[in-house]
K.L.:
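Below is the structure I would like to discuss, written out as structure tokens.
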Amino acid sequence: MSRSVLITTGVVVCIALTIPLFGNPYLTTHATRILIYAIFAMSLDLLVGYCGLVSLGHAAFFGVAAYATALLSAKIGVSNILISLPLSTLTAALVALAIGLLTLRTGGIYFIMATLAFAQMLFFLVNDSAFFGGSDGILLLTRFSLGTPSLSASDPVVRYYLTVAAAFLTFVFLYFLVRSPFGRILQGIKSNERRMRALGYSIARYKLATFVIGGALAGLAGHLYVLLASLADPSILDWVHSAQVLMMVILGGMGTLVGPVIGAVLLIELIDQAAEFTEHWKLIVGVVVVVITLFGKGGLAGLWAAVAARLGLARSQP
Amino acid sequence: MSLLETKSLSKNFGSLNAVRDVSLQIQPGEIHAVIGPNGAGKTTFLNLLSGELPVSAGCLQFEGHDITRWSPDRRANAGIGRSFQHSAVFEDLTVHENLRLAAQTQYPKSFGMLWPAEGYTDVAARVTDVIAQLSLNAAESTRAGELSHGEQRQLEIGMLMAISPKLMMLDEPTSGMSRNETLELIGILRRLSERHTLMLVEHDMDVVFQLAHRITVLVNGSVLASGTPEAIRADASVRIAYLGQED
């Protein structure tokens, strides 16, 4: 990693690590939620920002892992995160593999519609069947822990640090992935698919791998979400949820990794603050989203880069 | 044995016969030019060879293998490389990255997911080697989209050099180039032909008659004539159908 990235990451991690020290359970829980969405948004950014796969069904994998976790607990009494985390993430990856095989044959707007359709199918499957708890969802009754009861996920601080670790590892993993030969291939596909094929790359394989990795990471977020909410309900499979995470990616700046994290913080804060302020909060959120997308082509990360460049320019001409 | 052979290759778009019954052979080491008036089906023919378009009838063989149903990427990996008529570089990536993505295909062991792509020195060496053979003025870190048209065309050929295909198919490589750029490119192509078999689809007659060992003339999707430049120049039907228009 370059020095500036290393320093910035270090500072952010240090700040993140100090949050529980304020002793404010609300703040800790709130930060946990933001970090979960940061993971979720980063996972979608791998698809959208790096491979050009605009998916409107990404909540499916978040939801599948959340339901897998809840079912593991409700049906067979699994309460060890060391078991539920890999299993639920794997389930999300497998569902991503199946949906990817069926949807990646299409491109552009058709891909958007196909991912949306599959996610909605899962929504109705869960919403309308007793096995998945219907519209009430499945309440988490067991207390999840990391092997020993002293590391219980119902302790907000333990849960928070678990989420920090997951978010940090996701960021580092994706940071290396997008700079690797594999990641470069994805960027080539996004830039010019036809040219990549003519160079000898079998596009379908790389897209599928990306879709599965993105799905698995969304599953990781979904698993952490259930630990936080103690509930898996159909709303997390709804397309609105997919749209929300897509909005985080676009607001923050796609194709940057830092962007989705900023986007997650921004959108969650924006919704929370605006909702406290007025019942017409959607209007405020809408205006902010429109302004940022209109004036900041690369989202907030892009806006920041533009401002920094201009400041740098101004400084070099005294 | 010919390197590439088409047998009665045809392509229909609905009722339009864009390519009809084309049989031709490309011998190893030769520069084979395909010429013809606008709408003769040259680019369609090239797209059939590279696999961009499925054939309607007929078959094609590469090194004795029937590749009629092979995907474009499989053909590329077998040694058929192509450039596009409208420059197809990765516009939002740097010059270096354009060439690196091409060079990377030659090192299957380098398809890692963890270590930075720049760390693969054999790929980097190949990129440096290719850049040395081109005459680009722009820096390697320039975004390809910011290059001049002529330089983009060169970069595309550089990408072909990086994958070093047995057969290089170039779709109007000199289109939109200045006279000087064209001369430069002729030099590059001549050097390339020492190690690669070349197939050119070309409008510029000077380029064709300077470079080609064999010329195939397509008119309305069919082969009108095929032979050495001298034979084509002397061919009366070619003069009437095509060359006559130029005079």
Side-chain angles (χ1 to χ4, degrees), chain A residues 1-2 5-6 46 48-52 93 104-105 169-214 216-217 253-257 297-298 302 305, chain B residues 46-47 49-52 70-84 86-94 96-120 123 143-145 155-156 159-160 162-165 168-169 171:
Chain A
M1 284 192 189
S2 73
V5 175
L6 214 58
L46 178 67
V48 180
Y50 289 94
C51 199
L104 287 168
R105 297 161 176 276
L169 290 177
T170 302
F171 178 82
V172 171
F173 170 68
L174 289 176
Y175 182 89
F176 280 99
L177 184 74
V178 300
R179 279 159 184 77
S180 74
F182 176 85
R184 297 305 182 76
I185 293 170
L186 305 189
Q187 287 155 55
I189 292 174
K190 188 188 178 197
S191 180
N192 192 336
E193 208 172 289
R194 200 168 159 222
R195 193 79 194 80
M196 284 300 275
R197 207 174 285 128
L199 287 177
Y201 290 105
S202 69
I203 310 291
R205 205 183 303 165
Y206 291 102
K207 279 187 176 173
L208 188 60
T210 310
F211 202 70
V212 171
I213 294 170
L217 291 174
M254 42 189 168
T256 59
L257 285 191
K297 230 179 170 182
Chain B
L46 197 147
N47 283 337
L49 300 190
S50 72
E52 290 259 317
W70 287 17
S71 63
D73 43 290
R74 190 168 174 200
R75 292 183 201 198
N77 286 322
I80 304 179
R82 70 163 295 179
S83 73
F84 292 86
H86 302 287
S87 287
V89 295
F90 302 108
E91 292 190 2
D92 26 4
L93 306 180
T94 63
H96 184 273
E97 183 59 18
N98 268 270
L99 295 169
R100 213 198 53 73
L101 270 175
Q104 184 175 286
T105 59
Q106 301 308 301
Y107 302 89
K109 278 184 189 159
S110 70
F111 280 30
M113 297 176 84
L114 280 181
W115 304 121
E118 276 70 27
Y120 295 85
V123 179
R143 266 184 60 246
L155 178 59
E156 244 206 296
M159 288 160 79
L160 273 182
I163 65 173
S164 196
M168 277 189 186
M169 303 194 297
D171 196 356

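First the proteins, then the strands, lettered A, B, ... as listed; each starts at 1.
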K.L.:
Quick check for you: to the nearest 0.5 Å, what is the distance between B:R82 atom CZ and B:L46 atom CG?
P.N.:
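The distance works out to 5.0 Å.
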
K.L.:
Measure from the side-chain N and O atoms of B:N77 to the backbone N and O of A:G200, and report whether any donor-acceptor pair falls under 3.5 Å.
P.N.:
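Flag set: sc B:N77 to bb A:G200 pair under 3.5 Å.
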
K.L.:
Specify which of A:M196, A:R194, A:R179, A:Q187 makes the most heavy-atom pairs with chain B at under 4.5 Å.
P.N.:
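The candidate making the most pairs under 4.5 Å is A:R194.
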
K.L.:
Chain A: which of B:A117, B:P165, B:A76 shares the most heavy-atom pairs with it under 4.5 Å?
P.N.:
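The candidate making the most pairs under 4.5 Å is B:A117.
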
K.L.:
For the atom pair OG1 (A:T256) and CE (A:M254), what is the distance rounded to the nearest 0.5 Å?
P.N.:
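With rounding to 0.5 Å, OG1 (A:T256) is 10.0 Å from CE (A:M254).
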
K.L.:
Tell me, for B:F84 versus chain A, whether the close heavy atoms (under 4.5 Å) come from the side chain, the backbone, both or neither.
P.N.:
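The side chain, not the backbone.
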
K.L.:
Check the pair A:T210 / A:I189 against side chain to side chain contact (heavy atoms under 4.5 Å, CB included), numbers first and verdict last.
P.N.:
CA-CA 11 Å; A:T210 310; A:I189 292 174; over 6 Å; no

K.L.:
Considering only heavy atoms, which portion of B:E97 lies under 4.5 Å from any heavy atom of chain A: side chain, backbone, both, or neither?
P.N.:
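Only the side chain of B:E97 comes within 4.5 Å of chain A.
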
K.L.:
Looking at chain A, which one of B:P72, B:A78, B:A88 has the largest number of heavy-atom pairs inside 4.5 Å, strictly under?
P.N.:
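It is B:A88.
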
K.L.:
By a 4.5 Å heavy-atom criterion (distance strictly below it), what part of A:I213 contacts chain B: side chain, backbone, both, or neither?
P.N.:
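Just its side chain gets close to chain B.
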
K.L.:
Is a salt bridge present between B:E118 and A:R184, judged by a nitrogen-to-oxygen distance below 4.0 Å?
P.N.:
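Judged by the 4.0 Å cut-off on N to carboxylate O distance, B:E118 and A:R184 do form a salt bridge.
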
K.L.:
Which region of B:L101, side chain (C-beta onward) or backbone (N, CA, C, O), has a non-hydrogen atom less than 4.5 Å from a non-hydrogen atom of chain A, or is it both or neither?
P.N.:
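Both the backbone and the side chain of B:L101 come within 4.5 Å of chain A.
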
K.L.:
How long is the span from the CD1 atom in A:I203 to the CZ atom in A:R195, to the nearest 0.5 Å?
P.N.:
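So the gap between those two atoms works out to 11.5 Å.
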
